Amino acid sequence: MQLAVNPEHRISRVPYPEPRIPTLMRHVIVGTAGHIDHGKSALVLALTGTDPDRWEEEKRRGITIDLGFAHLDLGQDLRIGFIDVPGHERFVKNMLAGVGGIDLVMLIVAGDESIKPQTREHFDICKLLGIRQGLVVITKSDLVDRDVLDLVRLEVQEFVAGSFLAGAPVLAVSARTGEGLDELRNELRRLSLNCPPRPTDLPFRLPIDRSFVMKGFGAVVTGTLIAGTVEKEAEVEIFPLGKRARVRGIEVYNAAADRATAGQRTALNLAGTEARQITRGMVLAAPGLFQPTSTLDCTLNLLPTARPLKNHAQVHFHCGTAEMLARVVLLDGKEMKPGATGYVQLRLSEPGLFVPGDRFIIRQFSPVTTIGGGSVLDNDPPKHRPGDSALLESLSTLEHGEPEARLELLVRRMRESTPAGLAARTGWKPTDVIRVAKSLESQKRLVLIGQPPSLLVHAVYFQELAKLLLEGLTRFHAVNPLVAGLPKEELRAKLGEGKARVIPSPALLNALLQNLTVREEVGIQGETVRLGGRTIQMSAEEIAARDQIAAAFEKAGLAVPSAREVLATLRLERAHAEKLLRILLKEDVLHKVTEDLIFHQSALHQLREIVAQRKAKNNRIDVAAFKEMTGLSRKYAIPLLEYLDRERVTRRDGDTRIIL
Ligand SMILES: Nc1nc2c(ncn2[C@@H]2O[C@H](COP(=O)(O)OP(=O)(O)OP(=O)(O)O)[C@@H](O)[C@H]2O)c(=O)[nH]1
Ligand SMILES: [Mg+2]
């Protein structure tokens, strides 16, 4: 760009009355769009005084290659950040990395050329990305006379008819003479103040558009903060790397700041990571909340100018600043017609961080042109079976449903989830998840556990688990009439058995048990769960015999004879004695170390004490020392040492063991 710009026009003359009460400054991001050489960068320079073409190559060739940035204050209460994009068709992918974060678009059309191919492609992209605000600027007004300008104006109005820019201002300006710039600033201010503010209380996300090393500082990344807030010293997660870093410093529009909020151009200095690991397309986000994903269920809108799209077609996928290949799996048909809209599953070539509501663009694999776009509905979709009639219905719920219906659908699929887990699946903040969940709870569609709720379970699943639990206990008691009940952990594992079942979390099991205890359908003693009203069916004789067996093992200490020998010393029928032995094992009075060696817990407890005493003097022990210390023969020493390894009392290290 070799334009000599009149310095008069570089600086905003602030044609607005200063507000008497200082208000909070609004931040709005304005993006340029339009064909190559139509004067986008020259206009940004004329408006802001900053040349957005930063690179030597850009200056030399007089074209924009990559994104450029500048900003302008229009009054004390409004700062506009400009993202200037390249018009060259080869650099549309760079344009896409910038346009994802903008609030309003300045569609640039040169007065001496009118509408050209990238005017159309850039405008298609803006429409597909759901940009809602903007204006058209006819540039180079000094090069054409009024008649031509009027003609271009008419062409532009026809071009934007029926779109979000229908009826938007169409202004003629000259970056060279400054004509029309004041009016443009006025319109930019008016439109900016009309833009809905970005959500600052959503989970923080920053798609990275640049990453570099700053001497003396280390890694610096920049981007447009699309949601939430980030503060100095905060921990952030880098997606899809899965690494964490600390925010050492923040700059907002080149000035040091303690925090940055949604809608601001932001630079973060990161500690704990290297700049060369981070590239454009990665995303910084609140730590521990999101999961990277490479499968997305989406809506897709195919442009009327595209070719029909075949199932499994490979395309270029652009979302935020990320760019990768993707396969498009059509979910409602074999082929998608130009101009049509439908549901698709995108299988991405790399994982990334995407949240429902995120807009994306797809471009044809070759030759590379923009063919469509849409928005993410589900960032962790289940596997779809062909011909699943419920699939389209659930996708339609995710697209159009009320928040209640959407949340219920996700919880039903996930069976149980946390507010944070659902925030990652919806893009809502956890408090909104809880608010919607409470409304569903009052309609008995969800069960909320904890105060404040920490677990959300679908009501149907909760009832189903309760039924399975009672059935399982009934079966258990029938087979084991002499056993008090099932340990909780075993019960939990049992609930996860069978086809496509998942093991419920301990918190969910506890909530279920609490619910069933209140209704007296189950009873709990320590860790043992039994059916309500159920007691062990043992006679006085059986109890005496059970105690006799326990005493025999206790007396034997560590040098126990085999279980068979112990039982033989008692005057009990063999099968009966074995049943009582099983009860003692279940109740954890006795413990099976190997198939033939059963010890009383008191003996094992004693063993742990001996080992602990040894550790005070020497934390290593070999078989010989163990034998000497316990007075046991090899027959017992080896299985007992292996038992201690399993219990993590010791750890094997070559020929010896370390006492932990
Ligand atoms: N006479 C005149 N020339 C202009 C005006 N605006 C831009 N130009 C010239 O048009 C050429 C292209 O301007 P740029 O601003 O680089 O165009 P661009 O749209 O940014 O181009 P790309 O970024 O490569 O797509 C330069 O030579 C500018 O000097 C204007 O208002 N009047
Ligand atoms: Mg340019």
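Just so you know, ligand 1 is whichever comes first in the structure, and atom 1 is the first atom listed for that ligand. Quick caveat: nothing in here was measured; it's all calculated off a predicted structure.
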Please check whether [X] reaches ligand 1 - meaning an N/O of the residue sits under 3.5 Å from an N/O of the ligand, judged on distance alone.
X	value
Asp84	no
Leu143	no
Ser141	no
Val173	no
Lys140	yes
Thr64	yes

Side-chain contact, heavy-atom cut-off 4.5 Å: Met214 with Asn269? no
Any Lys/Arg nitrogen of Arg132 or Asp103 sitting under 4.0 Å from an Asp/Glu carboxylate oxygen of the other? no
Residues Asp37 and Lys116 bridged, charged N to O under 4.0 Å: no
Applying side-chain hydrogen bond (donor to acceptor under 3.5 Å, both in side chains), run through Ser41 and Asp84 and close with a yes or a no. CA-CA 6 Å; Ser41 304; Asp84 181 43; 2.5 Å; yes
To which of Gln118, Glu179, Arg176 does the heavy atom nearest atom 3 (N) of ligand 1 belong? Arg176
Identity of the nearest option to atom 32 (N) of ligand 1, non-hydrogen atoms only, from Asp142, Val85, Leu181: Asp142
Could you check whether the rings of Phe239 and Phe290 sit parallel, tilted or perpendicular, using 30° and 60° as the cut-offs? perpendicular
Can you classify the ring geometry of Phe317 versus Phe354 as parallel (below 30°), tilted (30 to 60°) or perpendicular (above 60°)? perpendicular
Between OG1 of Thr64 and OG of Ser41, what angle is found at the Mg ion (ligand 2), rounded to 10 degrees? 90°
